Amino acid sequence: NAGVTQTPKFQVLKTGQSMTLQCAQDMNHEYMSWYRQDPGMGLRLIHYSVGAGITDQGEVPNGYNVSRSTTEDFPLRLLSAAPSQTSVYFCASSYPGTGELFFGEGSRLTVL
Amino acid sequence: AQRVTQPEKLLSVFKGAPVELKCNYSYSGSPELFWYVQYSRQRLQLLLRHISRESIKGFTADLNKGETSFHLKKPFAQEEDSAMYYCALERGAQKLVFGQGTRLTINP
């Protein structure tokens, strides 16, 4: 049981480049979400999904896209990277009603 | 607006001393509150939730609706408690609002 798997762990981009952060979970969780972690700001919700085919915006969605074609996968796309998107990104999954999120190891992104 | 505030970025105590990590929240309804912990080189994980009223690793947290607080406490700190601690509020559909985090260091 791998839990929540994120790739890549590290990435450096130039301003304007696009990329996709991958997230997969093998726990059959309905809910999945993406957070970014910045110093002094805690974790902030970017996008979330309550099931395959259903996504919605969180607190800081601008510059990011998501899709949920399967229960297992929830990729996060950066459309045109900006230095303000330099951050550590966490994917999480959970069963509804529990409040317990299972997190991936994080992906550290640097945009130059 | 829902908000979680952890006033201390850093907290340092000696082994065996009591620990209290502060958390205040603003929420208009009945809050669901959690403490998450991230140990060095480990994933962020749930420590405890207010609704279960349990003690995990010697930590407890009591919801005080009058003071809108959910402070995390442990009577005797241990070195393995050193970690980053986040207080979080659920605003429906498993969407969490996190505080800024407190880095706890336990000195030997």
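Just so it is clear, the model here is predicted, and its values are computed rather than measured. Quick note on labels: first sequence line is chain A, next is B, and so on, each numbered from 1.
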Q | For B:Ser55, side-chain contact (heavy atoms from CB on, under 4.5 Å) partners two or more places apart | A |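 side-chain contact (heavy atoms from CB on, under 4.5 Å) list for B:Ser55, sorted by chain: B:Thr60.
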Membership question, hydrophobic clusters at under 4.5 Å side-chain separation (ILVMFWY): are [Y] and [X] in the same one?
X	Y	value
A:Val50	A:Phe74	no
A:Leu101	B:Leu89	no
B:Val4	B:Leu63	yes
A:Val88	A:Leu13	no
B:Met84	A:Phe103	yes

Q) Is A:Arg108 atom CZ crowded by more than 12 heavy atoms from other residues, nucleotides or ligands, each under 6.0 Å away? A)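 Atom CZ in A:Arg108 is not crowded, with 12 or fewer foreign heavy atoms closer than 6.0 Å.
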**Q.** Residues, nucleotides or ligands: over 12 heavy atoms within 6.0 Å of B:Glu67 CD
**A.** no
Side-chain atoms of residues 58-65 of chain A: list all donor-acceptor pairs with protein atoms under 3.5 Å, sequence neighbours left out, distances to 0.1 Å.
unit_1, atom_1, unit_2, atom_2, d
A:Glu59, OE2, A:Leu45, N, 3.3
A:Tyr64, OH, A:Arg36, NH1, 3.0
A:Tyr64, OH, A:Tyr89, OH, 2.7

Q.
I need the contact set between residues 30-43 of chain B and chain A: heavy-atom distance under 4.5 Å, sorted by residue number.
A. B:Phe34, B:Tyr36, B:Gln38, B:Arg43
Q: With a 4.5 Å heavy-atom cut-off (strictly below), which parts of residues 94-108 of chain B touch chain A? List them by number.
A: B:Gln94, B:Lys95, B:Leu96, B:Phe98, B:Gly99, B:Gln100
Q: Can you tell which part of A:Gln37 gets under 4.5 Å to a heavy atom of chain B, answering side chain, backbone, both or neither?
A: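 Only the side chain of A:Gln37 comes within 4.5 Å of chain B.
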Q.
Shorter than 4.5 Å, heavy atoms on both sides: which option in A:Tyr95, A:Tyr35, A:Phe102, A:Phe90 has the most such pairs with chain B?
A. A:Tyr35
Q: Report the distance from atom CD of A:Glu100 to atom CG of B:Leu47, rounding to the nearest 0.5 Å.
A: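 So the CD of A:Glu100 and the CG of B:Leu47 are separated by 11.0 Å.
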